[in-house]
Amino acid sequence: MGAQEITREAVKQLDNLFDALSIVADDTHVFLCDMRYDYSRWSKSLVETFDLPSEYMYGAGAIWEEHVHPEDRNAYREGVDAIFARKRAGHDMQYRAKRPNGEYDICTCRGIVIQDEQGVPLYFGGAIRNHSQKSHIDTLTGLRNQYGFFADLQSYIRNKIPIRIGMIGIAKLTEINEVYGYHIGNEILQYFGRYMMDNVVNRGGTYRLDGSCFAIISTTQSEEKLLELYEDIRAHFRKGIKIDNMDIIIELNAGLISLDDFNVDDQTIYSCLNFAYEESKIKKHGDLVIFRNELKGDNRKELEKLHVIRASIAQDYKGFYLLYQPVVDAETEKLIGAEALLRWKNEEYGVVSPDSFIPFLENDPMFPELGEWILSTALKDSQKLSSYVSNFRINVNLSYAQLERADFTDVVWNTIKKAGFSPENLCLEITERCRLLDMELLRNVIVTLRAGGVHIALDDFGTGFSSVGLVKNLPFDTIKIDRSFVQQIEQDDKEKSLLIYFTDMAGIYGADVCVEGIETSGMRDIIRDYGIHSFQGYYYSKPITIEELLDKAKNGPDCFVKNNA
Ligand code: C2E
Ligand code: CA
Ligand code: CA
C-alpha cells in the first residue's frame, strides 16, 4: 500500500488526533492510521504488550496480521482490505493476538474510517480492547480499581516519583449491608466514590481497592494537606448522608504512607499502608494513622528493611530462623516444652526481632507461607528433643492471617503428617488479635484442631480488651499470662490479686495457666503458690538455638532446675 513517505505536518496532525482518541479510550488501546501514507501510530501499551517494532509504523496492518491467530487471520485480512478498498467504513471484530511468550489474548478491535469532504478516506482509527488484561476500572464506582492502583504505583516507583498514598475505608460496611441490604451498601459505595472524585479532584488519583476500601495517590499534597482533606471527608460522612430518603451516618478509617525511597516494591508498600489502615480501624477509632509514626526508626530504612525481609520469604526463607525458649513445669522446674520464636537476620540489618516485622507482614499474602515454614521447622527441631524429654511439647505462634485461610487446618494436618509428629505434642498459640476473625470460623478451627489432639493456647492474656470474652467463648487448653501482669509482683500486691483472679477464671473454664516473663527467683517463689502449671522466662533461659537447647536437654529434664529449696 502507500509507499510514499509521510510529511511532518501529516505526522503532527496524526499525533493530535491520536491524543484526542487516547483521552477517551479509558481501558482500551488506541490505533490510528493515516491512510494516504499507510502510516500509523499505536498505543505504547499495545506496542509493549505485543512487542511491536515501534509506536509509529508503516504498513501496521500487515505487521499486526503476523500476531493474529492463524485461524482468525483470513477474517482479519478481509476486514482490513475492505476498509482500504473503500468497501467498508468501519470494522468490529474479535480475534486472538499473540504475545511474545506465545500465548494468545482475545481482543476486540473496533475502528472507523474518517473521510474528507469528497469522501476520500483519510484516517482509519479505533480501539483494541484486550480481554485477557484485567480491567483497570471498577464497574460499581467508575474509579480505577486495584489493578489500576498497582499499575500506577509500580509506575511511580519505576520513575522514582515521590508520592503520598492514602487508604480510606468505610467502617462496618458489612453491618450496613446486613441492616439496610446490599442495594443500599452499593449506593453508599457509589456515593463515596463520587464524593472522593469530586473532592480530591486535581490533588491526586482516586481508586477503589476492594470491598469498602478506597485509595488516593498524590504527587503534590503534603501529609498535612492530606490529613486536612481526610478530616473534611470524614466530617461530611459523619453528619450522615441521604440514601433512599434515609440519613445514614458513616464512620471512616484511614492510613497514610509517604514514599520517597524506591528500593521497595509495591507489595511491601501496600502491606505497610494496610497496617496503618488497620491501626486506624482497631486502635484509633478512625483517626488517620501515618505509617512512619508507628515506627521507632526512620521510615525510609524501615520500608527498605521490610522489603528485604518480605523478599526473603520467596528466596527460600533466607535469613529466617527459629529460637526456642524453654517452658518448665511450675512445680518441679522440669523441662516440658519450648516456644518457637521467629528471628530474621542479614548482614546489613543484623538480627531483627519479630515484633518489628510480623505486625506489618501479617496481612501480606506471603505470610501464610512463612507460617507453614515456621510450623514444619519447629516440628522437625522438636522431634530431636523427644529422646531426651518424653512428651516434649512445642509451642508455635500463629498470626490471625493464617487462621483466616480456609485450608488452615489441612495445612496443620499435612505438616504434622509429613513430619510424623504426634499432635498431642504440639501447642498452637493464638493471640487476642484473633477476635478480628469471624468467631464461628475461629471456634470451628479450634474445635477441629483440639479434636485431633493439638493443644491450643491463648497468648498474651490480659493485654487486649476482650481476653475474658475469648476465654468464655472458646475452648483453650492453656492460658498464657502476659509478663506485664507479673513484672512488679514482688512489690505490688495488686498484681497478686489479679493473678489469683486470672487463675480462678482459667480454672472455671478448665484451662492450664502458663506465666511468661519469670525473671527472678523471687518472682518464681511468689507465683508458684497460685496453682500455675508452667513457667517461661529469662530466669530459666532466654530464647536459644535448637543446638543449645539440645545440649542442655542431653542432661535430662532437670537441666533448667534452679533450686527447690
Ligand atoms: P510472645 O509470643 O509473647 O513471645 C514471648 C516474648 O517474650 C519473646 O519475645 C520472648 O523472647 C520474650 N520473653 C520471654 N521471656 C522473657 C522474660 O523473662 N523477660 C522479657 N523481658 N522478655 C521475655 P520475642 O521473641 O521478641 O517475640 C515477640 C513476639 O513476636 C512474640 O511474643 C510473638 O507475638 C511474635 N512472634 C515470635 N515468633 C513468632 C512466630 O513464629 N509467629 C508469629 N505469628 N508470631 C511470632
Ligand atoms: Ca507466644
Ligand atoms: Ca506471650
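Both ligands and their constituent atoms are indexed starting at 1 by order of listing.
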- Message: Among D355, L322, V352, which one puts a heavy atom closest to atom 29 (C) of ligand 1?
- Response: D355
- If you measure every N/O of Q402 against every N/O of ligand 1, is any gap under 3.5 Å? no
- Message: Test your reading of the structure: does S353 have an N or O sitting under 3.5 Å from an N or O of ligand 1?
- Response: no
- Min side-chain heavy-atom separation F535-V327 under 4.5 Å: no
- Task: Evaluate the side chain to side chain donor-acceptor pair (under 3.5 Å) criterion for residues D329 and S534: first the C-alpha distance (whole Å), next the side-chain angles of each, then the deciding distance (0.1 Å), finally the verdict.
- Result: CA-CA 5 Å; D329 184 290; S534 57; over 6 Å; no
- Side-chain donor-acceptor contact under 3.5 Å, Y540 with E333: yes
- Task: May I ask whether E362 has any heavy atom positioned less than 4.0 angstrom from an atom of ligand 1?
- Result: no
- So, does S312 use its side chain to make a donor-acceptor pair with the main chain of Q315 at under 3.5 Å? no
- Task: Answer yes or no for K334 and F560: cation-pi contact, defined as NZ/CZ to six-membered ring centre under 6.0 Å and angle to ring axis within 45°.
- Result: no
- Of the choices N397, V486, N395, V396, which has the non-hydrogen atom that lies closest to atom 43 (C) of ligand 1? N397
- Measure from the side-chain N and O atoms of D492 to the backbone N and O of K494, and report whether any donor-acceptor pair falls under 3.5 Å. yes
- Query: Can an N, O or S atom be found in D460 less than 3.0 Å away from the Ca ion (ligand 3)?
  - Reply: yes
- Message: Contact between ligand 1 and E339 is defined here as a heavy atom of the residue under 4.0 Å from a ligand atom; is it met?
- Response: yes
- Query: Can an N, O or S atom be found in D482 less than 3.0 Å away from the Ca ion (ligand 3)?
  - Reply: no
- Flag E516 as yes if one of its N/O/S atoms falls below 3.0 Å of the Ca ion (ligand 2), otherwise no. no
- Would you say Y538 has any N or O atom under 3.5 Å from an N or O of ligand 1, going by distance alone? yes
- Query: Can an N or O of L341 be found at a distance shorter than 3.5 Å from an N or O of ligand 1?
  - Reply: no
- Where the Ca ion (ligand 2) is the vertex, angle from N397 OD1 to D459 OD2 to 10°: 90°
